[in-house]
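Convention: sequence-line order gives letters A, B, ...; per-chain numbering from 1.
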Protein chains: 2
Amino acid sequence: MAGLTINEAAETTGWSPRMLRYVESAGLIEPPRSPAGYRLYGPEELQRLRTLRLLLEDHGIGLGDVGFALRLRRDTELRDAVEAWFEAEVTRPADIPDSAWLRWEQEKHQRLLAALVD
Amino acid sequence: MAGLTINEAAETTGWSPRMLRYVESAGLIEPPRSPAGYRLYGPEELQRLRTLRLLLEDHGIGLGDVGFALRLRRDTELRDAVEAWFEAEVTRPADIPDSAWLRWEQEKHQRLLAALVD
DNA sequence: GCAACCTTGACATAGACGTGGTAAGGTTTG
DNA sequence: CAAACCTTACCACGTCTATGTCAAGGTTGC
């Protein structure tokens, strides 16, 4: 076969077979399959499995974090939205001073209640 | 006071007071404090709380995810490491064909065992 | 000064994450 | 064909996340 099977790959990478399937389910490393459906880990997959291990250990992050990073780099809209949130500053008419704006905020639910009994 | 207190902020943003403290503990939104230590939410914090809420709902992500994104943008080393992992391709002498490399991998633990009884 | 707020810290819980097992069934190989 | 693999689909369990609630004590405003 043109690659290591899951148990062999587990031995050379330090992951358990169970975790190799889990890593795959997270979309991080998806080895090609044999005609019968066996996972076949080639040099590239093995290499990435080892470096993934180091990445997690070195920075104290989890598979879910890397999965999210993957989502960030694949889903442009998500990336932009997150980026926008970090960058966002207050956007509101410059002619309303903070004090007035705060009062408005503070009285909002009173206005809402008033509207209800109206 | 120059801002909304935590319960007022909760009312206008849709978060619970408990969650506002939690969001703060995640490093996402840290309102300034009054001399006595009261959290004071200004226009900027309120705005960001509302958009944070939308960000999570719109994309089905969690606070932890946004926290990780924050880490990514603050910790350059982490960002580079994650980036490098996604980009990594196999790096190994081009003159070793896959088949040989795989055999080498496959027999690694047998060699290790042999070394042990040596 | 008292009622109504705020603070931190602790306990509680439902669901998700990380990980290991096991069972039922198909594949490979000597 | 039998042993030793592989597959998916579950069950289990400790830990973490997200959230609520409560207690003990300080602050504020009328």
**Study point:** Basic-acidic side-chain contact under 4.0 Å: Arg53(B), Glu57(B)
**Key:** yes
**Study point:** Any side-chain heavy-atom pair of Leu56(A) and Trp85(B) under 4.5 Å
**Key:** no
Point to revise | With sequence neighbours excluded, residues passing side chain to side chain donor-acceptor pair (under 3.5 Å) with Ser25(B) | key: none
Point to revise | Nearest-angstrom distance from the residue atom CG of Leu20(A) to C1' of dT8(D) | key: 16 Å
Review point. Does the side chain of Arg39(A) get closer than 4.0 angstrom to OP1 or OP2 of dT8(D) through an N or O atom?
Key: yes
Check your understanding: Can you tell me how far C1' of dC17(C) sits from CZ of Phe68(B), to the nearest Å?
Key -> 15 Å
**Study point:** For atom CZ of Arg21(B) and atom P of dC22(D), their distance in whole Å
**Key:** 14 Å
**Study point:** Dot-bracket encoding of pairs in DNA chain C, which uses [ ] for pseudoknotted crossings and | for another strand, Watson-Crick or G-U under 3.5 angstrom
**Key:** ||||||||||||||||||||||||||||||
Point to revise | Atom-pair distance (CD1 on Ile6(B); C1' on dT8(C)), nearest Å | key: 11 Å
Study note, to complete from the structure: By side-chain contact (heavy atoms from CB on, under 4.5 Å), Asp58(B) pairs with (sequence neighbours left out) Leu54(B)
**Study point:** Nearest non-hydrogen partners of Glu87(B) and Arg73(A), listed with the distance
**Key:** OE2-NH2, 3.2 Å
Study note, to complete from the structure: Sequence neighbours excluded, the answer for side chain to side chain donor-acceptor pair (under 3.5 Å) partners of Glu77(A) is none
Residues 14-21 of chain B side chain polar contacts: donor-acceptor under 3.5 Å, at least two apart:
from, atom 1, to, atom 2, distance (Å)
Trp15(B), NE1, Leu49(B), O, 3.1
Ser16(B), OG, Met19(B), N, 3.1

Review point. Stepwise, does the side chain to side chain contact (heavy atoms under 4.5 Å, CB included) test hold for Glu45(A) with Leu40(A)?
Key: CA-CA 9 Å; Glu45(A) 284 81 23; Leu40(A) 296 179; over 6 Å; no
Side-chain donor-acceptor distances from residues 59-71 of chain A under 3.5 Å, at least two apart:
from, atom 1, to, atom 2, distance (Å)
His59(A), ND1, Leu55(A), O, 3.4
Asp65(A), OD2, Gly62(A), N, 3.0
Arg71(A), NH2, His59(B), O, 2.8

Check your understanding: Given atom OH of Tyr41(A) and atom P of dC5(D), what is their separation to the nearest angstrom?
Key -> 17 Å
Practice item. Among residues two or more places apart or on two chains, list those pairs meeting salt bridge (Lys or Arg N to Asp or Glu O under 4.0 Å) that have a residue in residues 32-42 of chain A. Key: Glu24(A)-Arg33(A), Glu24(A)-Arg39(A)
Review point. Where do Leu46(A) and Tyr41(A) come nearest, in terms of heavy atoms and distance?
Key: CD2-CB, 3.9 Å
Exercise for review: Starting from P on dC5(D), measure out to OH on Tyr38(A) and report it in whole angstrom.
Suggested key: 11 Å
Point to revise | Reading 5' to 3' through nucleotides 14-21 of chain D, protein heavy-atom contacts under 4.0 Å coded B for base, S for sugar-phosphate only, - for none | key: ---SBBBB
Review point. Got a sec? Which of residues 53-60 of chain B come in under 4.0 Å of DNA chain D, heavy atoms?
Key: none
Practice item. Mind calculating the distance between CD (Glu8(B)) and C1' (dG29(D)) to the nearest angstrom? Key: 13 Å
